[in-house]
Amino acid sequence: FAVASISHNSNGCENIETAQTKKQCFLKLRIDSGDETACSEVEAIDKDGCYFNMGTLKKNPALCEYISDPSLKSKKINLP
């Protein structure tokens, strides 16, 4: 992931041989670039965190609708 993350392009991801790891690499690039639709593809355990972080980054409280953890959701609603 390091090569792709540092350069913010897909060249590093394309060179990964394992399909699952390659998919995760491209997903990370989308999240790093601010693509909020990528959060829907994140594993369930990390999905709330993805939406919270993306909403904070983009200052978009509407993304709290996708957060299932009530305590995290309430923090999201209270963001400026």
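All values below come from the heavy atoms of this structure, side chains included, with hydrogens, waters and symmetry mates left out. Residue numbers start at 1 and run along the sequence shown.
- Once rounded to the nearest 0.5 Å, the distance linking CD1 of Ile16 with CZ of Phe26 reads 7.5 Å.
- Atoms SG and NZ, on Cys13 and Lys23 in that order, are 13.5 Å from each other to the nearest 0.5 Å.
- Atom CG of Asp46 sits about 10.0 Å away from atom CG of Asn53, to the nearest 0.5 Å.
- Residues satisfying the salt bridge (charged side-chain N to carboxylate O under 4.0 Å, His left out) test with Lys58, not counting sequence neighbours, are Glu36.
- Listed by chain and number, the residues in a side chain to side chain donor-acceptor pair (under 3.5 Å) with Ser68 are Asp48 (sequence neighbours excluded).
- A salt bridge links Asp32 with Lys28: the distance from a Lys NZ or Arg NE/NH1/NH2 to an Asp or Glu carboxylate oxygen falls below 4.0 Å.
- With sequence neighbours left out, the side-chain contact (heavy atoms from CB on, under 4.5 Å) criterion links Cys50 to Ile31, Cys39, Val42.
- Annotation: side chain to side chain donor-acceptor pair (under 3.5 Å) contacts of Asp35 (sequence neighbours excluded): Arg30, Thr37.
- Other residues, nucleotides and ligands contribute only 12 or fewer heavy atoms inside 6.0 Å of the CD atom of Glu43.
- Phe52 has its side chain within reach of Lys75: a pair of non-hydrogen atoms, C-beta onward, lies under 4.5 Å apart.
- The shortest distance between side-chain heavy atoms of Ser40 and Tyr51 falls below 4.5 Å.
- Closest of all the heavy-atom pairs between Leu72 and Gly49 is CD2-N, 4.3 Å.
- Between the CD atom in Glu17 and the NZ atom in Lys22 there is a gap of 8.5 Å [rounded to 0.5 Å].
- Of all the heavy atoms in Leu27 and Ala38, the pair that sits closest is CD1-O, 3.4 Å.
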